[in-house]
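Note that the structure is a prediction, hence the values are computed from the model and not measured. Scope of the values below: all heavy atoms of this structure, side chains included, with no hydrogens, waters or symmetry mates.
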Amino acid sequence: MSILIALVPAIMWGSIGLVSGRLGGSAPQQTMGMTMGAVVFALVTLVIYHPTLDGKIWIAGLISGLFWAVGQFNQFTSMKHIGVSKTVPISTGLQLAGNALAGVLIWHEWTSGHMIVVGTIAVIALIIGAVFTSLRDKTDTAAQNKNENMSAGIRALAISTFGYIGYTLVVRFANVDAKAIIFPQAIGMLIGAFLFVLASKEQSQILKRPTFMNIITGLIWGIGNIFMFMAIPEVGLAISYSLAQAGIVISTFGSIWLLGEHKTHREMQYLILGSVLIIVGSTLLATLK
């Protein structure tokens with residue numbers, strides 16, 4: 001059952017890029033709309049669970065939410081520059097490396113030689129799989145003529161990775177109840193989104209239709225978020241976060257079929273191989289519990 005809980009974020013988070021892509025909007029609009037949806041979801045959890053919100057939970061939640069805003073805004077920015085099918089795999093590999101390293105080195109989640117060997121192989125398979133899904137066909141003239149800005153996309157991904165890793169590590173360091181931290185975390189996300197809107201100078205555009213439509217992505221994210229933090233005490237940070245990132249398969253294939261992102265025959269081969277490696281790596285991590 002704990003593994004099934006850990007797989008819910010993969011489905012939810014794997015759909016975010018697709019849903020936001022279909023709904024449209026700028027990165028500030030998507031981030032603001034998503035955080036508004038997350039706040040709505042968080043209010044629902046307050047009614048259902050009646051958690052105790054002490055000072056420690058508020059501090060951890062606000063800081064975690066601010067880190068998340070950094071991660072999500074820059075991921076949306078990267079998607080604008082290089083597309084969902086390239087952004088998500090690269091982002092996934094970077095996040096896996098950072099979170100797995102933290103889970104193993106800081107909290108010693110792999111306690112035996114067997115777990116270290118299998119876990120290392122699993123993470124390597126996940127990262128290599130993520131790289132394969134993002135490889136481009138150099139002979140593809142259609143892709144070469146596309147309006148992509150790889151350098152800007154990579155810069156945004158580097159900042160995004162820092163934010164995403166920070167948002168999970170803060171919660172783990174604080175060691176607080178996952179249900180209790182959802183609302184303070186959502187408020188931190190909303191504050192962070194406001195700051196990015198101010199910095200982007202798109203204040204006049206923020207209360208437009210795309211912002212409100214992207215509330216849906218916030219609701220989807222909220223479901224994945226609470227399930228991931230529920231899974232961490234059961235299966236550990238390295239396993240739960242790695243399984244959550246298996247949503248890369250949904251994002252990558254979905255962006256091709258639903259968003260119309262271009263792939264050549266060779267790139268589809270890379271994509272299939274990468275997806276298989278991700279599934280293998282996720283399965284290996286699941287067997288460690």
Review point. Hey, any chance Trp13 and Ile216 share a hydrophobic cluster, counting ILVMFWY side chains that come within less than 4.5 Å of each other, even indirectly?
Key: yes

Check your understanding: Above 12 or not: heavy atoms from other molecules or residues under 6.0 Å from NE2 of His50?
Key -> yes

Review point. Any side-chain heavy atom of Thr111 within less than 4.5 Å of one from Ile116?
Key: no

Review point. Of the non-hydrogen atoms in Ala122 and Gly281, which two are nearest, and what is the gap between them?
Key: CB-O, 3.5 Å

Point to revise | Separation of Gln29 CD from Ser200 OG (nearest 0.5 Å) | key: 9.0 Å

Review point. Does Ser78 use its side chain to pair, donor to acceptor, with the backbone of Ala156 at less than 3.5 Å?
Key: no

Check your understanding: Just by modelled atom types, is the Thr161 backbone N or O under 3.5 Å from a matching donor or acceptor in the Gln95 side chain?
Key -> no

Review point. Does one hydrophobic cluster hold both Ile82 and Ile159, with members joined at side-chain heavy-atom distances below 4.5 Å?
Key: no

Practice item. Answer with yes or no whether the hydrophobic clustering places Phe196 together with Phe162; edges join I, L, V, M, F, W, Y residues whose side-chain heavy atoms lie under 4.5 Å apart. Key: no

Review point. Linking I/L/V/M/F/W/Y whenever their side-chain heavy atoms sit closer than 4.5 Å, directly or via other members, would Val19 and Phe212 fall into one cluster?
Key: yes

Point to revise | Option among Thr252, Thr77, Leu157 that satisfies the side-chain contact (heavy atoms from CB on, under 4.5 Å) test with Thr87 | key: Leu157

Exercise for review: Could you tell me the separation between the CG atom of Asp54 and the CG atom of Asp177, rounded to the nearest 0.5 Å?
Suggested key: 10.5 Å

**Study point:** Rounded distance (nearest 0.5 Å) linking atom CG of Asn214 with atom OG1 of Thr217
**Key:** 4.5 Å

Revision key, fill the gap. Shortest non-hydrogen pair, Leu53 vs Ala180, comes out as CD2-O, 3.0 Å

**Study point:** Exam field: side chain Ser251 to backbone Gly14, donor-acceptor pair closer than 3.5 Å
**Key:** yes

Review point. Should Met268 and Ile256 count as side-chain neighbours, where that means a heavy-atom distance under 4.5 Å?
Key: yes

Point to revise | In one Ile/Leu/Val/Met/Phe/Trp/Tyr side-chain cluster, 4.5 Å: Ile182, Ile187 | key: yes

Check your understanding: How far does OG of Ser26 sit from NZ of Lys80, to the nearest 0.5 angstrom?
Key -> 7.0 Å

Exercise for review: Taking the side chain as every heavy atom from C-beta outward, state whether Ile272 and Gln269 have any atom pair closer than 4.5 Å.
Suggested key: no

**Study point:** Sub-4.5 Å side-chain heavy-atom contact between Glu261 and Val84
**Key:** yes

Exercise for review: State, with a plain yes or no, whether a side-chain heavy atom of Arg266 is found less than 4.5 Å away from one of Tyr270.
Suggested key: yes

Exercise for review: Report the C-alpha distance between Ile154 and Ile90 in whole Å, list the side-chain angles of each, state the deciding distance to 0.1 Å, and finish with yes or no for side-chain contact (heavy atoms from CB on, under 4.5 Å).
Suggested key: CA-CA 9 Å; Ile154 293 297; Ile90 298 173; 4.3 Å; yes

Review point. Does Trp107 have its ring centroid less than 6.0 Å away from the ring centroid of Phe173?
Key: yes

Practice item. Enter the distance from Ser255:OG to Ile250:CD1 here, rounded to the nearest 0.5 Å. Key: 12.0 Å

Check your understanding: NZ of Lys56: more than 12 outside heavy atoms within 6.0 angstrom?
Key -> yes

Practice item. Grab the two heavy atoms, one from Gly224 and one from Pro9, that are nearest each other, plus how far apart they are. Key: O-CG, 3.2 Å

Extract all donor-acceptor atom pairs below 3.5 Å that involve side chains of residues 30-49 and protein atoms in other chains or at least two apart in sequence.
{"unit_1": "Gln30", "atom_1": "NE2", "unit_2": "Ser20", "atom_2": "O", "d": "3.2"}
{"unit_1": "Thr31", "atom_1": "OG1", "unit_2": "Ala27", "atom_2": "O", "d": "2.8"}
{"unit_1": "Thr35", "atom_1": "OG1", "unit_2": "Thr31", "atom_2": "O", "d": "3.2"}
{"unit_1": "Thr35", "atom_1": "OG1", "unit_2": "Met32", "atom_2": "O", "d": "2.7"}
{"unit_1": "Thr45", "atom_1": "OG1", "unit_2": "Ala42", "atom_2": "O", "d": "2.5"}

**Study point:** Contact check, side chains of Leu271 and Phe132, non-hydrogen atoms, under 4.5 Å
**Key:** no

Practice item. Let me see the working for Leu135 and Glu267 under side-chain contact (heavy atoms from CB on, under 4.5 Å), right down to the final yes or no. Key: CA-CA 7 Å; Leu135 289 178; Glu267 287 170 344; over 6 Å; no

For residues 59-74, please give each side-chain donor-acceptor pair under 3.5 Å, one per line with the distance, not counting sequence neighbours.
{"unit_1": "Ser64", "atom_1": "OG", "unit_2": "Tyr167", "atom_2": "O", "d": "2.8"}
{"unit_1": "Ser64", "atom_1": "OG", "unit_2": "Gln185", "atom_2": "NE2", "d": "2.8"}
{"unit_1": "Gln72", "atom_1": "OE1", "unit_2": "Tyr164", "atom_2": "OH", "d": "2.5"}
{"unit_1": "Asn74", "atom_1": "ND2", "unit_2": "Val70", "atom_2": "O", "d": "2.8"}

Practice item. Find the distance between CG (Leu258) and CG (Leu18) and round it off to the nearest 0.5 Å. Key: 6.0 Å

